[in-house]
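First the structure, in the form of structure tokens, and then the observations on it.
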Amino acid sequence: MKRMKRRTFLKNAGGLFTGGMALPHIIAASAIGGDGAVAPSERITLATIGHGPRCREVTPHLLLFNELQLIAVCDAQRDRLLAGKAQVDEHYGNKNCAVYGDFREMLARDDLDAVYIATGDRWHSLASIMAARAGKDVYSEKPMSLTIEEGRALVDTMKRFGTVYQCGHQRRSVDSYRFQTDVAKGGLIGKVHTIIAQNWENPVIGPEGPAPVPAGIDYEMWMGPTPCHPFVPARFYGWNYFWDTGGGTIIAMGCHYTDIAQWGLDTDDTGPVHYQGTGEFVPGNFADVPKTAEVTCTYADGRKLILLSRNQFADRFIRFIGDEGWIQVDDETNVVTAQPASILKLRQISAKSWANPAGHIGDFLHCIKTRQETICSPEKSHRATTIGHAANICLRLGKNLTWDPKTERFDDADANRMISRAMRPPWRL
Amino acid sequence: MKTKPIRIACAVILLSACAAAAQPFTADQITETLKQLRTYDYAVAPAPVNTIENMIRFVLDKPELRAVLEDQMIALLESDAAFRAKQYVCHQLWIIGTDKSLPVLEKMLLKKDTAEIACFALRTHPSEGAGRILRAAIARVDDETKVRLINILGDRQDAAAVDQLMPLLKSGNPAVAEAAAISLGTIGTDKSAAAIAAARNKATGPMRTVLTRAWLRCAEQFAETDRPQDALAVYKHLFAPSEPLFVRRSALVSALNTGDPAAIAFLDAALSQNVPVLRAAAIANSHLLEGPRVTRRLASALDTADAETQVLVIEALARRNDRAVKGTVTTAAGSPHADVRIAAYNALATVGDASSAALLCAALPKANTTTETETILAALRRMHAKDVDRTITDQIANTDAGGKVQLIAVISDRRYRPAAPTLLALARDENTEVAKAGLKALAVLATAAELPALIDIMTECTDDAVRDEAVRTITAVAQASDTTPAIEAIAKRLDASTSTPEQIALVKVLSALPSATSLERLEAAVNSPDPQVWDAAIRALAQYHGADAASPLLEIFKTATDPTYRAIALRGLIRLCKTADVPAPKALTFYTDALASSTTPAEKILILSGLAQIAHPDAFKLGIPLLDDETVKTEAALALLTIAETTPGLDRQTLAAALKKISADNALKQLAPRATTLLNTANPN
């Protein structure tokens with residue numbers, strides 16, 4: 001690989017090193033009134049689907065955009081629903097935020113332009129697809145899908161309906177990760193041969209039996225397209241650790257890192273071709289997912305992406321390793337380290353970490369207006385998420401697998417069956 | 001994380017976490033474990049489900065054991081085992097089920113309470129038999145189960161099911177009719193497409209929406225199977241103004257997605273109609289169509305578009321990377337709207353040529369905002385067309401001082417070395433900012449060949465800031481060149497110089513170019529009769545980049561009478577001993593001499609600061625006497641403690657004596673804990 005000179009690197013890196021990230025120009029001058037406010041008729045109307053902790057974190061950032069009007073919230077849990085309405089109404093100083101327990105009713109509104117989806121993983125792809133079918137644009141939290149087929153169906157649907165879709169891989173809109181990928185792509189650490197992405201380990205959960213559904217929870221809607229189980233608190237609150245509803249940290253958090261890896265390797269339209277890994281499946285564990293795991297994903301040119309699930313929550317990081325150095329972002333602290341350390345002098349530090357999704361939201365709103373592709377487009381997000389799904393299939397089967405990114409099939413009949421699975425009616429892709 | 005805290009299992013479970021995926025299992029163990037599964041009901045009736053998953057991993061490549069496992073699963077499904085056990089087994093058959101399990105699954109399909117879990121097992125079952133039992137069951141189940149089966153048949157894209165599904169489009173139960181429509185669309189044969197189109201003609205309300213979705217799926221299948229005209233025919237229907245806007249948008253984007261040349265009609269229509277979302281979608285997706293016709297159609301839209309749309313069109317034209325649009329974009333660069341101009345500047349970086357570079361240079365002084373200026377400069381940096389570098393270089397002369405500074409930086413970033421003569425001329429510009437910019441660029445672009453001219457500039461200029469910039473440039477160029485000829489040239493120039501400013505500048509340069517010649521000239525300059533020159537020479541020696549300057553600096557310290565120069569020399573000496581490659585014994589010799597010559601507490605303190613950095617027993621010994629010097633004993637104690645903490649193998653008696661002295665001195669009581677710690681370490685008993 002031709003090594004890029006630092007000055008050339010700076011030149012090509014655009015605004016990142018010369019003044020931070022600029023939000024795209026979003027609203028036409030004609031839409032802006034004399035006081036800087038956006039005319040109501042020009043505002044993008046948005047509703048939330050799944051107003052839990054993540055949504056409550058993101059909502060204040062959504063509300064900062066004057067060109068956006070949050071008109072409704074939806075959740076299958078009544079306390080979350082009411083908390084969401086209170087959050088929105090408090091901002092606007094009125095009681096106008098509508099509430100819905102069933103997002104299908106909300107999607108039927110003609111005055112709704114877009115949705116922000118922050119449900120559990122089981123709903124991400126289907127709610128996105130149904131919103132697109134209703135003509136709404138979509139910003140959905142990650143991971144975009146529960147299976148590889150769901151992801152592909154989402155990509156196809158967004159393409160089919162000309163939907164603007166932003167996946168919540170918001171690290172692409174954060175300068176530390178942009179810097180990391182610019183450094184990797186610019187050759188400043190030589191030829192990148194390995195990426196290590198560390199997620200925390202999954203918990204071991206004690207067995208638990210069914211219990212009455214707590215008041216205020218529409219459990220049927222909560223389960224959605226996933227297999228039917230009675231209400232078991234451990235399954236309900238720990239949904240991320242059961243195959244029916246989640247995929248453990250390697251997909252829940254790992255998809256952020258696989259997304260950055262794909263970006264840094266310039267492989268957004270493809271992915272690794274070989275998976276080899278081991279997982280620690282603990283006897284007696286009520287959870288399905290392995291407690292710890294290590295999967296080596298190898299690209300066709302030999303570059304490796306090593307996914308780790310181990311250690312504590314705060315220990316997560318992604319490191320690009322080249323033949324002349326490395327660069328790492330510690331996810332908990334947003335601190336960037338590198339070897340040679342002199343690389344870090346090229347960085348214009350922004351105070352914004354992954355916890356601030358403003359840049360990502362801004363990109364979404366810009367694309368709604370221009371109908372352009374978002375920074376985390378369906379195809380890119382699907383490819384990144386597929387890595388996590390393929391890694392999990394590799395772990396579940398205990399087999400080395402070869403994956404064809406073109407046909408999106410494994411070389412293994414058992415693995416191919418796990419690319420998709422039945423949805424519980426009335427839900428379907 | 002979107003989960004509440006969950007209960008973590010006890011340590012017993014953790015301790016048992018030793019089972020590996022490759023753990024061997026026998027047929028008997030498989031049979032026994034599956035028996036244990038029969039009563040499974042979460043924690044109410046636990047079962048070794050993790051063990052069964054380990055078994056699956058183990059048997060995948062062992063046909064005989066795999067068959068045993070499937071047989072046991074089938075037996076469980078046929079038994080009166082608990083529902084949770086059957087559900088669990090169906091989830092495993094999803095992965096490993098073969099034709100053997102189809103009979104029991106067929107029975108389960110017909111029962112309302114087990115149809116769902118049977119469907120889970122059959123969803124990706126590779127056998128044609130799976131499709132057969134699903135199709136056979138449709139007529140024998142209630143509507144709720146029928147929907148499940150129709151969904152699965154659609155997901156499996158079972159073309160053999162089309163004839164069964166078509167009549168269901170007319171079902172009185174909307175759920176059945178909708179499921180049939182979607183499945184027919186997913187299967188996407190000609191027959192199903194025709195059925196969907198016919199049904200859609202008569203449908204209203206939600207069913208029409210569902211049939212539209214299904215028809216779009218059929219059209220997609222046409223496009224994917226090299227039948228773009230058939231696909232476009234569907235999209236033409238759906239793009240009609242009578243259709244809902246999002247359906248029209250979908251038809252438009254899907255038509256462009258075919259990539260078929262005939263799809264330009266959709267682009268044309270969308271650009272012609274005053275529907276903003278369609279126009280924006282057409283522009284954003286115009287890259288899906290190739291060819292100059294598309295480029296021309298897009299370009300023509302600029303004539304009538306508002307400023308906001310012009311921006312989108314220009315961005316789309318730039319993405320096409322077609323130089324034929326240069327004229328159009330050039331015109332847009334003269335727009336009265338800043339956003340349009342900015343988009344055009346960006347586009348010219350891709351589609352422009354050398355004349356565009358000239359245009360951008362000319363636009364620079366007229367830019368109204370920082371954003372506009374930065375865009376022009378970024379575009380100039382990005383341009384790849386022929387002769388762009390030369391054009392920018394030529395344009396420097398035609399702009400004002402601010403523009404000159406900006407364009408010089410661009411040329412520097414573009415690494416255009418042939419600009420060196422122009423930059424040398426600019427380095428003599430009467431505007432100091434221009435001159436400094438020229439010199440900065442030359443630091444990047446010049447080679448040894450330009451050194452004589454650079455030295456001329458340095459010696460001839462009258463502005464201190466420019467001269468300092470010239471010193472940095474000459475230093476950078478010399479360091480990047482073969483230094484010996486460069487040093488010789490500078491030394492020769494110094495030898496011949498009679499100008500004080502020139503000599504001062506040259507000694508500054510030499511301080512950054514360590515060599516015998518450099519050092520010799522600097523030492524000579526120290527003895528210059530010109531006080532300004534020797535002042536510069538002493539300062540240059542103190543900043544010298546090589547350890548060889550230590551001796552001359554010590555000599556200056558020992559002989560100079562002016563405390564200022566003594567301090568400069570001593571600081572230089574200590575810096576070299578700390579940072580240059582001066583071996584510890586040699587540094588100790590220097591410090592011994594320096595201490596002997598020191599006359600003030602400040603000088604001793606400086607020496608002690610250097611001494612503390614030497615992890616050597618002799619450094620410790622050298623510092624001990626200073627504990628008796630009341631004016632510096634605190635600094636001496638600090639240095640001794642630092643040395644003691646970093647130096648192994650110190651003589652115990654010497655160390656103990658010094659540390660006790662520090663501990664016992666009331667004036668040093670704040671250091672006593674460190675000393676005591678060291679004492680305890682030195683005398684563990």
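Chain letters run A, B, ... following the sequence lines, proteins first and then strands; every chain starts at 1. Just so you know, these numbers use all the heavy atoms, side chains as well, and skip hydrogens, waters and symmetry mates.
Atoms CD and CD, on B:Gln92 and B:Gln87 in that order, are 10.5 Å from each other to the nearest 0.5 Å. Distance check, rounded to the nearest 0.5 Å: CG of B:Asn285 to CD of A:Glu373 gives 9.0 Å.
With sequence neighbours left out, A:Ala413 forms a side chain to side chain contact (heavy atoms under 4.5 Å, CB included) with no residue at all. Taking the ring-ring contact (aromatic ring centres under 6.0 Å, His included) definition, one finds that B:Tyr88 meets it with nothing, sequence neighbours left out.
Heavy-atom distances place no part of A:Thr157 under 4.5 Å from chain B, backbone and side chain included. Neither the backbone nor the side chain of B:Ala316 comes within contact range of chain A; no heavy atoms are under 4.5 Å apart. Looking at A:Pro230, the atoms closer than 4.5 Å to chain B (heavy atoms on both sides) sit in the backbone and in the side chain alike. Neither the backbone nor the side chain of B:Leu252 comes within less than 4.5 Å of any heavy atom in chain A. In this structure, the portions of A:Cys228 lying under 4.5 Å from any heavy atom of chain B include both its backbone and its side chain. For B:Arg319, the part lying near chain A is the side chain, with the backbone staying farther off; criterion is any non-hydrogen pair under 4.5 Å. There is no contact between B:Ala175 and chain A, counting heavy-atom distances below 4.5 Å. Using a 4.5 Å cut-off between heavy atoms, B:Glu144 does not touch chain A at all. Proximity to chain B is absent for every atom of A:Asn416, based on heavy atoms less than 4.5 angstrom apart. With a 4.5 Å cut-off on non-hydrogen atoms, B:Asn257 touches chain A through its side chain but not through its backbone. Both the backbone and the side chain of B:His125 have a heavy atom closer than 4.5 Å to some heavy atom of chain A. Only the side chain of A:Glu149 comes within contact range of chain B, with heavy atoms under 4.5 Å apart. A:Arg396 touches chain B through backbone and side chain together, each having a heavy atom under 4.5 Å away. Of the two parts of A:Asp110, neither the backbone nor the side chain holds a non-hydrogen atom closer than 4.5 Å to a non-hydrogen atom of chain B. Residue contact with chain A, scored on non-hydrogen atoms closer than 4.5 Å, is absent for B:Arg156. Heavy atoms closer than 4.5 Å to chain B are found in the backbone of A:Leu395, but not in its side chain. Proximity to chain A (any heavy atom under 4.5 Å) is shown, for B:Ile56, by neither the backbone nor the side chain.
Residue with the most contacts toward chain B among A:Ile419, A:Thr278, A:Asp244: A:Asp244 (heavy-atom pairs, distance under 4.5 Å). In terms of non-hydrogen atom pairs under 4.5 Å with chain A, the most contact-rich of B:Leu60, B:Thr209, B:Val247 is B:Leu60. Between chain B and the residues A:Gln372, A:Met253, A:Arg133, the largest count of heavy-atom pairs under 4.5 Å involves A:Arg133. Each of B:Glu178, B:Arg279, B:Glu53, B:Arg84 has some count of heavy-atom pairs under 4.5 Å with chain A, and the biggest count is that of B:Arg84. Ranked by heavy-atom pairs shorter than 4.5 Å toward chain B, the options A:Ala134, A:Ala415, A:Pro210 are led by A:Ala134.
Judged purely by distance below 3.5 Å, without hydrogens or angles, the side chains of B:Asn151 and B:Arg148 never pair a donor atom with an acceptor atom. With hydrogens and angles left out, the side-chain atoms of B:Asn54 and B:Thr51 include no donor and acceptor closer than 3.5 Å. For the residue pair B:Ser183 and A:Arg428, a side-chain donor N or O sits within less than 3.5 Å of a side-chain acceptor on the partner.
Residues B:Tyr235 and B:Thr258 form a side-chain contact, since some pair of their non-hydrogen atoms from C-beta on lies under 4.5 Å apart.
In this pair, A:Phe231 and A:Phe236 present their aromatic rings tilted. The plane angle is within the 30 to 60° band. Using the six-membered ring where Trp is involved, B:Tyr42 and A:Phe286 have ring planes that are perpendicular, over 60° apart on the 30 and 60° scheme.
Taking the charged nitrogens against the carboxylate oxygens, A:Lys291 and A:Glu201 do have a contact shorter than 4.0 Å, which makes a salt bridge. B:Glu220 and A:Lys159 are not joined by a salt bridge, as no carboxylate oxygen comes within less than 4.0 angstrom of a charged side-chain nitrogen.
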(message) Between B:Phe239 and B:Phe266, does the ring-ring contact (aromatic ring centres under 6.0 Å, His included) criterion hold? Intermediate values first, please.
(response) CA-CA 8 Å; B:Phe239 191 57; B:Phe266 288 81; 5.6 Å; yes

